[in-house]
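Comments concern the structure below.
From a predicted model like this one, the values you see are computed outputs, not experimental measurements.
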Amino acid sequence: MEQTTDQSSEKQDAIVTGHLHPNAHRGRGAITNRVGRFETFERERTDDGWGSLDEGERLQTEVAPDPSRSVISRNNSPDIPFELSFNPYKGCEHGCIYCFARPTHAYLGHSPGVDFERLIFVKDDAAELLGKELSKKSYQCKVIAFGANTDPYQPIEREQLVTRQALEVCEAFNQPVGIITKGYLVMRDADILQRMAQKNLVSVAVSITTLDRKLARAMEPRASTPMKRLDAVRQLTELGVPVSVLMAPVIPALNDHEIERVLGLAARAGAVSCSYVLLRLPGEIRDLWVEWLHLHYPDRANRVMKILKSMRGGRDYDARWGKRMRGEGVFAQLIADRFSLARKRYGLNKRSLRHLDVSLFSVPSDFCHSGSDKKASTNQMDLFD
């Protein structure tokens with residue numbers, strides 16, 4: 001049974017602890033399907049007497065077409081080190097509870113909670129659209145980030161193949177690409193990545209948030225295990241693909257104690273660079289995160305939020321450029337110092353990933369609408385810290 005209530009009259013931080021939340025679903029990160037900020041009403045499940053809410057049923061992923069006619073997004077945020085990005089999917093099956101992309105589902109009229117994980121919008125013709133955009137006379141070559149919003153190697157990519165097709169287009173154009181992922185599925189495309197790496201056209205950032213399988217299972221339920229991600233670092237390195245490790249997010253009193261171990265194992269696996277991002281709680285993520293935290297870690301939930309607020313000027317989140325990724329204050333500086341020392345100790349600053357080659361870009365004859373090749377280049381934007 002569903003009950004409709006006026007969201008404006010309901011507090012959004014009610015927490016259920018100590019047992020399975022009646023709205024929880026196995027294999028999903030979000031506990032509930034909270035409506036987005038643009039909705040007037042909220043739909044709430046209530047027990048009709050049959051006890052069916054305790055069954056914790058599994059939800060099947062649904063696929064819907066994304067009608068977007070453009071696949072290259074442009075960014076002008078001064079604290080993000082790339083200008084262009086390509087995102088083949090809206091929504092992500094990985095179900096990372098902290099994912100900063102969750103609020104985008106609210107713009108589509110869906111919940112940033114469970115809907116974000118189970119209702120995936122796919123750009124079926126993304127590779128064709130990408131080729132057309134790269135072929136425009138106005139296009140100036142810069143590194144394109146794959147996975148800046150949702151993971152290009154989430155499980156649905158096994159069947160959809162959108163990311164692989166887009167990589168094939170980039171290889172044909174000699175278009176440099178920086179990939180960000182926590183999916184071992186990236187190894188499926190090792191053949192393309194190896195060829196592009198030989199031309200200095202690709203780098204991969206593997207996100208490793210924790211080495212604790214229990215924490216990873218709860219926080220990133222459908223992402224590859226931490227050890228599989230380290231395997232990807234090792235195998236890509238052996239193929240000559242430069243790899244960075246991204247510890248994102250760093251969460252005080254939950255995974256910050258793992259900084260040195262994560263970086264040490266990443267360096268041993270062959271990573272050449274590293275970076276981190278402090279937990280961010282914009283938009284609807286705050287309520288989803290607090291709900292998850294109290295359910296899975298009730299003994300330390302208050303401490304996590306207290307420290308986090310101390311790094312955000314007493315607030316849950318600070319959206320200011322230059323502050324949102326790192327925070328400020330004593331605890332934020334401690335994390336920055338530890339990360340810097342570990343980076344030096346393990347040699348994770350020995351090679352920059354900032355200089356992928358934009359000079360090789362050219363439009364293949366198959367894509368030339370004007371009948372002649374075009375060559376364009378610009379100064380390379382920084383891709384990673």
Nearest heavy-atom neighbours spanning [X] and [Y]:
X	Y	value
L130	C170	CD2-SG, 3.9 Å
A266	V233	O-CG1, 4.1 Å
P103	P282	CG-O, 4.0 Å
P176	V358	CG-CG1, 3.8 Å
L193	V202	O-CG1, 3.5 Å
P298	L295	CD-O, 3.8 Å

Measuring from atom [atom1] of [X] to atom [atom2] of [Y], what distance do you get when rounded to the nearest 0.5 angstrom?
X	Y	atom1	atom2	answer
Q154	S224	CD	OG	11.5 Å
L293	L308	CG	CG	10.0 Å
I97	E291	CD1	CD	7.5 Å
R261	T210	CZ	OG1	9.0 Å
D66	I120	CG	CD1	11.5 Å
M311	I307	CE	CD1	8.5 Å

Name of the residue among T104, N149, T163, I72 meeting side-chain contact (heavy atoms from CB on, under 4.5 Å) with N87: N149
Could you check if a side-chain atom of [X] sits within less than 4.5 angstrom of a side-chain atom of [Y], using non-hydrogen atoms only?
X	Y	value
L254	R300	yes
D316	K309	yes
L246	V206	no
R222	T61	yes
D189	Q194	no
S340	K344	yes
V262	L211	yes
E93	P155	yes

Salt bridge (charged side-chain N to carboxylate O under 4.0 Å, His left out) between R229 and E220, worked out: CA-CA 13 Å; R229 295 181 224 179; E220 310 161 334; 2.7 Å; yes
Is the NZ or CZ atom of R312 positioned over Y317's six-membered ring, under 6.0 angstrom from the centre and within 45° of the axis? no
Tell me whether the NZ or CZ atom of R343 lies within the 45° cone about the ring axis of Y276 and under 6.0 Å from its centre. no
For A232, check side-chain contact (heavy atoms from CB on, under 4.5 Å) against everything at least two apart and list the hits. Y184, V186, M187
What pairs with K199 under side-chain contact (heavy atoms from CB on, under 4.5 Å), at least two apart in sequence or on another chain? N174, L201, L360
Any donor and acceptor pair, going by atom type alone, linking the side chain of [X] with main-chain N or O of [Y] inside 3.5 Å?
X	Y	answer
N200	H355	yes
R102	C96	yes
S68	S70	no
D151	A223	no
W292	A218	yes
E133	V71	yes
N75	S85	no

Could you go through the side chain to side chain contact (heavy atoms under 4.5 Å, CB included) check for N255 and V250 one step at a time? CA-CA 6 Å; N255 73 342; V250 171; 4.3 Å; yes
[Y]/[X] salt bridge by N-O under 4.0 Å criterion:
X	Y	result
R320	D318	yes
R69	D125	yes
R195	E171	yes

When the aromatic ring centroids of H94 and F116 are compared, is their separation below 6.0 Å? no
Working for side chain to side chain contact (heavy atoms under 4.5 Å, CB included), residues C274 and Y346: CA-CA 10 Å; C274 63; Y346 297 116; over 6 Å; no
What's the verdict on side chain to side chain contact (heavy atoms under 4.5 Å, CB included) for R280 and Y98, showing C-alpha distance, side-chain angles and the deciding distance? CA-CA 7 Å; R280 299 168 55 195; Y98 52 75; over 6 Å; no
For R213, enumerate each residue passing the salt bridge (Lys or Arg N to Asp or Glu O under 4.0 Å) test, keeping only those at least two apart in sequence or located in another chain. none
Treat each ILVMFWY residue as a node, draw an edge where side-chain heavy atoms are under 4.5 Å apart, and state whether [X] and [Y] are in one component.
X	Y	value
M227	V245	yes
L108	V122	no
L119	V114	no
I156	F121	no

For the CZ atom on R268, are there more than 12 heavy atoms of other groups (residues, nucleotides or ligands in this structure) within a distance under 6.0 Å? no
Which residue pairs pass the salt bridge (charged side-chain N to carboxylate O under 4.0 Å, His left out) test with at least one member in residues 232-260, sequence neighbours excluded? D231-R234, D256-R338, E260-R338
Let me have the donor-acceptor pairs involving side chains of residues 330-337, under 3.5 Å, with sequence neighbours excluded, atom names and distances please.
residue	atom	partner	partner atom	Å
Q333	NE2	D337	OD1	2.8

Please step through side chain to side chain contact (heavy atoms under 4.5 Å, CB included) for the pair Q175 and F86, ending with a clear verdict. CA-CA 12 Å; Q175 165 64 51; F86 170 83; over 6 Å; no
Using side chain to side chain donor-acceptor pair (under 3.5 Å) as the criterion, list what pairs up with R188, not counting sequence neighbours. E157
